[in-house]
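Notes follow the structure.
Position 1 is the first residue of the sequence, and the numbers go up from there. In what follows, every heavy atom counts, from backbone to side chain, and hydrogens, waters and symmetry copies are set aside.
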Amino acid sequence: MKYIISLFLLTIVMSCNENKTEFYSAPQFRRESSYENHKDYNDVIFVINPPTDDEKLYNLMRNYNDETIAHDSVEKKYTSYHRMFFKESSKTPRTFIEDPGGFSVDILDDHVEDYLATYSMRACPNNQKMEWRFSQKGKTEKYVVRSVRNKCY
């Protein structure tokens with residue numbers, strides 16, 4: 001009887017762990033670039049076991065951003081910041097490496113079925129405003145998450 005109860009509890013624990021949403025920041029996609037007076041940063045996050053509910057997914061991604069981005073220091077250092085979220089799948093594993101040439105071109109942007117959202121910041125002309133936006137796949141509206149300085153448009 002103890003064996004059956006232990007097996008039952010183990011099954012419940014294992015099934016709960018399988019559905020836990022996790023975020024993986026892919027080091028192979030972290031890129032800084034500079035040109036003229038601009039300094040940009042790009043990042044890709046793979047979401048393991050994302051919820052199917054869009055609102056729940058949005059809240060999880062937004063909380064992840066709040067916990068992992070020092071907004072003030074990013075605003076001082078970069079003129080634009082882009083963090084793209086992709087669902088981890090067999091075609092886009094967290095270890096995905098882009099193949100940009102040859103006969104088998106395979107880049108992350110081509111996997112639109114696994115794209116989830118983009119969290120971005122851009123500086124307006126003359127550094128008047130920094131605006132953080134969050135846009136999810138399939139939604140035309142963009143959420144203004146954080147605005148700093150005067151409105152520039």
Verdict with reasoning, Y64 to F85, per side-chain contact (heavy atoms from CB on, under 4.5 Å): CA-CA 11 Å; Y64 177 78; F85 290 87; 4.1 Å; yes
Quick one: are L108 and V44 in side-chain contact, heavy atoms under 4.5 Å? yes
Is there side-chain contact between I107 and F96, with at least one heavy-atom pair below 4.5 Å? no
Quick one, D66 and H71 - any side-chain contact, counting heavy atoms below 4.5 Å? yes
Does R94 count as lying over the ring of F46, i.e. NZ or CZ under 6.0 Å from the six-ring centre, within 45 degrees of the axis? no
Side chain proximity check, I48 to T21, heavy atoms < 4.5 angstrom: no
Evaluate I69 against Y119 for side-chain contact (heavy atoms from CB on, under 4.5 Å), listing each step before the verdict. CA-CA 11 Å; I69 297 175; Y119 187 62; 3.7 Å; yes
Taking the six-membered ring for Trp, are the ring centroids of H38 and Y78 within less than 6.0 Å of each other? no
Set out, in order, the CA-CA distance, both residues' side-chain angles and the distance that settles side-chain contact (heavy atoms from CB on, under 4.5 Å) for N63 and F23, then state yes or no. CA-CA 11 Å; N63 289 339; F23 295 91; over 6 Å; no
Do E32 and K77 meet the salt-bridge criterion of a basic N to acidic O distance under 4.0 Å? yes
Check whether any side-chain heavy atom of S25 sits under 4.5 Å from a side-chain heavy atom of D43, and report yes or no. yes
I need the H82 NE2 to T118 OG1 distance, nearest 0.5 Å. 8.5 Å
Compare all side-chain heavy atoms of V47 with those of Y24 and state whether any distance is below 4.5 angstrom. no
Using the six-membered ring wherever Trp is involved, compare the ring planes of Y81 and Y41 and label them parallel, tilted or perpendicular (cut-offs 30° and 60°). parallel
Side chains of T68 and R83: donor-acceptor distance under 3.5 Å anywhere? yes
Heavy-atom side-chain proximity of E113 to K87 below 4.5 angstrom: no
Are D106 and H111 close enough that a side-chain donor and a side-chain acceptor fall under 3.5 Å? yes
Among L116, D109, I45, the one residue meeting side chain to side chain contact (heavy atoms under 4.5 Å, CB included) with M84: D109
How about Y35 and D40: do any of their side-chain heavy atoms sit closer than 4.5 Å? yes
Got more than 12 heavy atoms from elsewhere within 6.0 Å of CG, N37? no
CD on E88 to CG on D114, rounded to 0.5 Å: 9.5 Å
